[in-house]
Amino acid sequence: MSRRTETFLPTLREDPADSETTSHRLLLRAGMVRQLGSGLWTWLPAGYRSIAKAEQIIREEMVAIGGQEMLLPLMQPAEIWRETGRYGIGEMFKLQDRRESDLVLGMTHEEPVTWHVARDVRSYRDLPLILFQIQLKERDEPRPRAGVLRTREFSMKDSYSFDRDEGGMEESYAKHIAAYDRIFDRCGLEWHRVSSDVGMMGGAGADEYMAPCPAGEDSIALADGYAANIEVAVSLAQAVDLPSPADSPTKVETPGSTTVEDVAGALGLAQGALLKAIPVMAGDRGLVMALVRGDHSLNELKLSNVIGEPVRQATPEEIDSEIGPTGFIGPVGANCPVICDLAIDGNSYACGANEADRHLTGVDPTRDFQAERADIRAVQSGDLTEGGSRIEIVPAIEVGNIFKLGTRYSEALGATFLDESGSEHPIVMGSYGIGPARIIAASVEQRADDKGISWPRALSPWDLSLVPLSKQGEPERGTADDLYTSLSEAGLDVLYDDRDANAGEKLTDAELIGCPLRVVVGKKSLAEGKFEVQVRKTEAEESIQVEGATDAITGLLDTID
RNA sequence: CGGGGCGUGGCGCAGUCUGGUAGCGCAUUCGGCUGGGGGCCGAAAGGUCGUCGGUUCAAAUCCGACCGCCCCGACCA
């Protein structure tokens, strides 16, 4: 039951400054959220209704796979984070109490939940377990952005599975996949489950749930039967014409040609017939040269996974002093380890000669230099999957993720159990997250039009907007009042715009807020004994008889979304 | 962390270059008209111009420091 005159729903007529993405702009304008500080967002009543609906769907599906809801502290002793070696994470908020004890604000809850399991689970009889909570997370993001998409504080459903062995963990993982598939379907999102990098969580495997939309921070590679985060995506490289092999490399003059495009043009070669050398600094290993085909680009994450350490691009000074003049470097005779991409599978390439204004042609990677071979290139739109499907790369929001953690946390925190024979084993864990705010933002991004938000019924703050065009005291208003009462008694959530405002203001506001259905009570149609109904998503309008209107509206709502 | 931008009534902006009594639109309050896509008339309220310091007879405006916010990149369990 919501009368607009009694509801804190501050809609904005104009776009706020500083709102770049669709969801940021519309959630603000529709009176759903307000910003308190950088990366700190308040959910106003309307927005909180939507968040609560997403959380309830999540809750139901988690319970359906045997999850048990609980609530862990947001503030945690630093000690358990030291034990797992994660106290040093830069995104973690740290503080001290008045006795100068170190505390952290939880950015996730593996440590405390595992700590409890370590103390209270002893036997294989206590396993398996799936524990979950819907709790705030705090992260000192280097750069909060895009409204509620990347914030420093946000609600997350996080669940943790505890099993006696890998097989059990795989079962828990499969249960989460089933639950997550249902959750995102019920939320009306377009989504893909993609394989992903394991990141800082460590562990044996990970999948992400990605909702494609222009504001997405991640990129995913999509093809028939294939979906992967760009970070780990693999593809078949497009074929390239190479010149005839040579007995040995030939040095050629390439004055001023420092880019792949210049060199290919100067030598009359396809860009793919060049070797692109990308020097990186890799922690303890120092300078390493990554080598990809000239028409490809390096995937730094793949490279750092191969090297086993984070990498950064080498500076021109480092390149000049260690290898050769920037723009003319190559693997032949280079004074550093070389990692060569798998797509470099021919025997006659051109590359930098490590001398100013000179390149080499006829270079055979298996003959002319030593290299470790690995998949380090970035997948490109137009590449083919192994099955032959064309890959497209699209931006997407990560709305959920699931990790096979293994025993990293259970071993660090002593979470073990005794099996039937009395021998002790570490518990095998999984960790699973969903961000309700990102579900809301993704839904807005995927479904909004130029008039505003368009909610699926599952997430809409109200089932419908009821808009009387008459003002208070006029006879038509009484009819609208009756309809409001009747719809509410039928169990529908109705936003009743009982303000004495102009028709235009009320109608555009209803479209901005975006409930799936808008019912207008106006003099003209009422004279014919009818109400006017508009489906927000399709903008299809129809008239319904005043008589039996509540049933008709209930029925119509059940047919959309 | 590197680069760029912005901070002036609730919101969106002008004014800053060239120092001289702080403005516009919308919103708000009151009175009236209007009543199917943000309408009209009249009256009113509301601003230490982000903060601190400096220059000056005089600072929103010039100088310095700091704070906050946004965007691009880096980063992002």
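Proteins get letters first, then strands, A, B, ... in listed order; numbering begins at 1 in each.
- Few gaps surround OH on A/Tyr87; more than 12 heavy atoms of other groups in view lie less than 6.0 Å from it.
- B/rA22 and B/rC26 have their P atoms separated by 23 Å, with the value rounded to a whole Å.
- Remark: A/Glu79 engages A/Arg82, A/Glu83 in a side chain to side chain contact (heavy atoms under 4.5 Å, CB included) (not counting sequence neighbours).
- Rounded to whole Å, the P atom of B/rC57 lies 37 Å from the corresponding atom of B/rC13.
- Among residues two or more places apart in sequence or in another chain, the salt bridge (Lys or Arg N to Asp or Glu O under 4.0 Å) test is passed with A/Lys537 by none.
- Listed by first and then second residue, the side chain to side chain donor-acceptor pair (under 3.5 Å) pairs involving residues 514-530 of chain A are A/Glu511-A/Arg518, A/Ser525-A/Glu532 (not counting sequence neighbours).
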Restricting both atoms to N or O, compile the protein contacts to nucleotides 14-16 of chain B shorter than 3.5 Å, with distance only.
none

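- If you check B/rG53 for Watson-Crick or wobble pairing at under 3.5 angstrom, you find it paired to B/rC63.
- Between the C1' atoms of B/rU51 and B/rG68, the separation comes to 10 Å (whole Å).
- Applying the side-chain hydrogen bond (donor to acceptor under 3.5 Å, both in side chains) rule to A/Asp181 yields the partners A/Arg193, A/Tyr209; only residues at least two apart in sequence or on another chain are considered.
- When both distances must be under 3.5 Å, the Watson-Crick or G-U wobble mate of B/rG73 is B/rC1.
- Within the structure, side chain to side chain donor-acceptor pair (under 3.5 Å) contacts touching residues 474-483 of chain A (residues at least two apart or in different chains) are A/Asp481-A/Tyr496.
- Taking the C1' atom of each, B/rG19 and B/rG25 are spaced 28 Å apart, rounded to whole Å.
- Judged purely by distance below 3.5 Å, without hydrogens or angles, the side chains of A/His109 and A/Gln76 pair a donor atom with an acceptor atom.
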Reading nucleotides 25-39 of chain B from 5' to 3' and marking B where a protein heavy atom lies under 4.0 Å of the base, S where only the sugar-phosphate is that close, and - otherwise, the string is BS--------BBBBB

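- Across all strands shown, B/rC13 is found opposite B/rG23 as a Watson-Crick or G-U wobble partner, with both distances under 3.5 Å.
- Not counting sequence neighbours, the partners of A/Leu103 by the side chain to side chain contact (heavy atoms under 4.5 Å, CB included) test are A/Met75, A/Leu95, A/Asp97.
- Atom CD in A/Glu398 sits about 10 Å away from atom C1' in B/rC76, given to the nearest Å.
- Rounded to whole Å, the P atom of B/rU48 lies 27 Å from the corresponding atom of B/rU56.
- One can place CG of A/Asp15 at 14 Å from C1' of B/rC13, the figure rounded to the nearest angstrom.
- Between the CG atom of A/Asp218 and the C1' atom of B/rC75 there is a distance of 13 Å, rounded to whole Å.
- Taking the centre of each ring, A/His24 and A/Trp41 come in below the 6.0 Å mark.
- The P atoms of B/rG54 and B/rC70 are separated by 32 Å, rounded to the nearest whole Å.
- Identified under the salt bridge (charged side-chain N to carboxylate O under 4.0 Å, His left out) test for residues 464-473 of chain A, with sequence neighbours left out: none.
- Base-pair partner of B/rG42: B/rC30 (Watson-Crick or G-U wobble, both distances under 3.5 Å).
- Residues forming a side chain to side chain contact (heavy atoms under 4.5 Å, CB included) with A/Leu12 (at least two apart in sequence, or on another chain): A/Pro16, A/Arg29, A/Arg34.
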With the criterion being N/O to N/O and under 3.5 Å, what pairs connect the protein with nucleotides 67-70 of chain B, and how long is each?
{"from": "B/rC69", "atom 1": "OP1", "to": "A/Ser38", "atom 2": "N", "distance (Å)": "2.8"}
{"from": "B/rC69", "atom 1": "O3'", "to": "A/Gln35", "atom 2": "NE2", "distance (Å)": "3.4"}
{"from": "B/rC70", "atom 1": "OP1", "to": "A/Gln35", "atom 2": "NE2", "distance (Å)": "2.8"}
{"from": "B/rC70", "atom 1": "OP2", "to": "A/Ser38", "atom 2": "OG", "distance (Å)": "2.9"}

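- With both ends at atom P, the span from B/rC17 to B/rG4 equals 22 Å, rounded to whole Å.
- Between B/rG50 and B/rC40, the distance separating the two P atoms is 32 Å to the nearest Å.
- In a base pair of the Watson-Crick type (N1 to N3 plus N6-O4 or O6-N4) or a G-U wobble (N1-O2 and O6-N3), with each distance short of 3.5 Å, B/rC6 is matched with B/rG68.
- Residues meeting the side-chain hydrogen bond (donor to acceptor under 3.5 Å, both in side chains) test with A/Ser410, sequence neighbours left out: none.
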